[in-house]
Amino acid sequence: MKTEKRKAPRRPMRRSAWLMLAPGELQGCTLSDISDAGVRIEVEDTQPIPDQFILFLSNNGTARRACTVVWRNAHQLGVKFEAKIAAAKRATLVPKPHADPAPSESKSAECA
């Protein structure tokens with residue numbers, strides 16, 4: 001019988017997210033088995049993914065976590081969440097849009 005080593009209970013899920021490989025360079029991924037401490041990430045190839053990166057949990061970039069790879073195989077990564085990202089650093093990760101869309105445009109863009 002395996003002994004559970006995780007510090008926080010995990011929850012199964014399937015959700016799209018994005019990894020920041022370098023400033024301005026994002027790669028899509030799928031999240032699964034998330035906990036308060038980390039997440040399992042599925043990608044086509046784990047080789048180009050650095051040992052530390054920013055994980056964008058929302059398409060507008062407001063929800064994000066700094067991550068460190070704990071384990072990897074050909075198509076999956078196990079990562080732990082690091083401390084929250086400081087507000088000053090968050091502002092430099094994703095450029096802000098020039099103008100806010102009208103509320104009706106924003107809703108249709110989020111649903112697409």
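Applying the side-chain hydrogen bond (donor to acceptor under 3.5 Å, both in side chains) test to every pair with at least one member in residues 12-26, sequence neighbours left out, gives these pairs: Arg14-Glu42. Listed by first and then second residue, the salt bridge (charged side-chain N to carboxylate O under 4.0 Å, His left out) pairs involving residues 66-76 are Asp51-Arg72 (not counting sequence neighbours).
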Next on the checklist: Could you go through Val69 and Thr46, starting from their C-alpha distance and side-chain angles, then the distance that decides it, and tell me whether this counts as side-chain contact (heavy atoms from CB on, under 4.5 Å)?
Outcome noted: CA-CA 10 Å; Val69 175; Thr46 62; over 6 Å; no
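Smallest separation of non-hydrogen atoms from Ser32 and Val39: O-CG2, 3.4 Å. Counting all heavy atoms, side chain and backbone alike, Ala63 lies closest to Ser58 at N-OG, 3.1 Å. Closest approach of Met20 and Phe56 over heavy atoms only: CB-CE1, 3.7 Å. A pairwise comparison of heavy atoms in Asp36 and Phe81 identifies O-CD1, 3.5 Å as the closest pair.
Note that SG of Cys29 is 7.5 Å distant from CD1 of Ile49, once rounded to the nearest 0.5 Å. One distance of note links CG of Leu19 with CG of Leu26; it measures 8.5 Å at 0.5 Å rounding. Here the CG-CD1 distance, from Leu57 to Ile34, works out to 6.5 Å after rounding to the nearest 0.5 Å. To the nearest 0.5 angstrom, His75 atom NE2 is 13.0 Å from Thr30 atom OG1. Atom CG in Leu55 sits 5.5 Å away from atom CG in Leu31 (nearest 0.5 Å).
Formation of a donor-acceptor pair under 3.5 Å by the Thr68 side chain with backbone atoms of Lys80 is not found in this model.
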